[in-house]
Amino acid sequence: MVKPPKKRDPLSVLADDPRGRSLGLDLPPGGVVRRSGRHRWGKDPEPLVWVSDGAVGVGALAAHRSPQLAAAGLQAVLLQDRPGLERWWQDREFMPERMSDPDDHHVEPVLREFWSRVVPDPEEGAEGEEIVAPFGRDWPGLAVTGPPDGPDVPDPQAAACELADELIEHGHLPAPRLALVPAGRGADVPTALGWGGPTNYENDTALISVVLRSWEERFGARLVALGFDELHLSVAVPPPTTARALPVAAEHFALSPDNIWQGSGSIRAYADEAVTGCGHWAFWWD
């Protein structure tokens with residue numbers, strides 16, 4: 001019996017066909033960025049991500065989050081540079097091989113461990129207690145999600161594309177590049193890239209992906225964009241009240257404490273400012 005031909009890795013296909021026509025795609029000019037490392041046996045390092053040559057505008061994410069892209073095993077996200085770190089996806093080393101597998105972790109123990117790192121010491125007294133109020137030093141547990149208000153549940157992918165357009169229009173993503181990453185779901189993109197945004201807080205990006213997976217399932221969150229050390233999510237079903245938002249804010253504090261330490265100052269303030277009814281969750285690590 002003749003064996004069927006082995007299916008090629010989609011990035012290897014894009015290395016030879018940068019516009020993606022053979023995959024049923026119609027990509028803007030771009031090309032693959034290869035993994036860091038030396039050439040072995042005369043071969044180039046393996047491709048890591050496809051990135052557009054130039055900035056993309058409003059409608060780009062919607063145009064390329066297509067069934068054809070999903071069938072190829074690719075996820076579309078936006079990459080944003082910043083002054084002094086232009087084209088960081090080319091100049092920085094990515095180490096996907098150093099990341100664990102998100103399937104090997106569960107969200108509750110991951111967030112519990114993160115919480116133990118950031119909860120204030122008892123010696124900080126009332127000031128420390130105010131940061132985490134209404135919670136104490138013990139991990140408060142995962143936020144309980146309720147049914148969304150209204151008869152219709154928003155479409156998470158549509159929400160992601162709408163947010164991408166808003167961030168571009170308002171200058172929060174002034175010149176993003178389109179990126180295609182081989183991953184089964186958007187939450188796994190940081191791990192598949194070996195993205196180092198949270199390195200000063202957590203080296204294993206798989207643990208970040210585990211949390212993003214949970215938010216995908218509980219809140220309809222979708223990864224929209226990555227910067228050098230920042231991450232943007234759309235949220236189709238954000239908590240509608242402060243009471244529902246507070247435990248979500250605790251999860252955010254555990255994942256990205258700088259959002260509160262160098263931002264809102266307390267979980268209560270952060271819940272009101274950045275979680276309650278908010279369809280855009282942004283994270284950064286110093």
> Going from CG on L23 to CG on L69, what distance comes out if it is rounded to the nearest 0.5 angstrom?
Replying inline: 9.0 Å
> Just how far is it from atom CG of D204 to atom CG of D101, taken to the nearest 0.5 Å?
Replying inline: 10.0 Å
> Going through the distances and angles, do E202 and W285 end up as a side-chain hydrogen bond (donor to acceptor under 3.5 Å, both in side chains)?
Replying inline: CA-CA 10 Å; E202 175 54 55; W285 293 264; over 6 Å; no
>> To check you understand the geometry: which heavy-atom pair defines the closest contact between V275 and P238, and what is its length?
In response: O-CB, 4.1 Å
>> Using every non-hydrogen atom in the two residues, find where A192 and V181 come nearest and quote the distance to one decimal.
In response: CB-CG1, 3.9 Å
> Which heavy atom of L180 sits nearest a heavy atom of L11, and at what distance?
Replying inline: O-CD2, 4.0 Å
>> Rounded to the nearest 0.5 Å, what separates atom CG in D286 from atom OG in S256?
In response: 10.0 Å
>> Which heavy atom of V118 sits nearest to which heavy atom of W261, and what is that distance?
In response: O-CZ2, 3.7 Å
>> Nearest 0.5 angstrom please: D53 CG to L178 CG, how far?
In response: 11.0 Å
>> Testing F253, Y201, W139 one by one against F114 for a ring pair (Phe, Tyr, Trp, His ring centres under 6.0 Å), which residue passes?
In response: Y201
> How many angstroms lie between OG in S234 and CD in E216, if you round to the nearest 0.5 Å?
Replying inline: 9.5 Å
>> Students often mix this up, so state it plainly: with edges at 30° and 60°, are the rings of W215 and H252 parallel, tilted or perpendicular?
In response: tilted
>> Determine whether D155 and R222 satisfy the following criterion, salt bridge (charged side-chain N to carboxylate O under 4.0 Å, His left out), listing intermediate values before the conclusion.
In response: CA-CA 11 Å; D155 176 56; R222 295 293 184 270; over 6 Å; no
> Crowded around E127 CD? As in, over 12 foreign heavy atoms under 6.0 Å?
Replying inline: no
> When you measure from the side chain of D229 to the backbone N and O of W284, does any donor-acceptor pair fall under 3.5 Å?
Replying inline: no
> Which heavy atom of F219 sits nearest a heavy atom of V235, and at what distance?
Replying inline: O-CG1, 3.5 Å
> Any link between L233 and L111 through a network of hydrophobic side chains (Ile, Leu, Val, Met, Phe, Trp, Tyr) touching at under 4.5 Å?
Replying inline: yes
> Parallel, tilted or perpendicular: which describes the rings of W88 and F94, with under 30° parallel and over 60° perpendicular?
Replying inline: tilted
>> Are more than 12 heavy atoms, taken from residues, nucleotides or ligands other than R98, located less than 6.0 Å from that residue's CZ atom?
In response: no
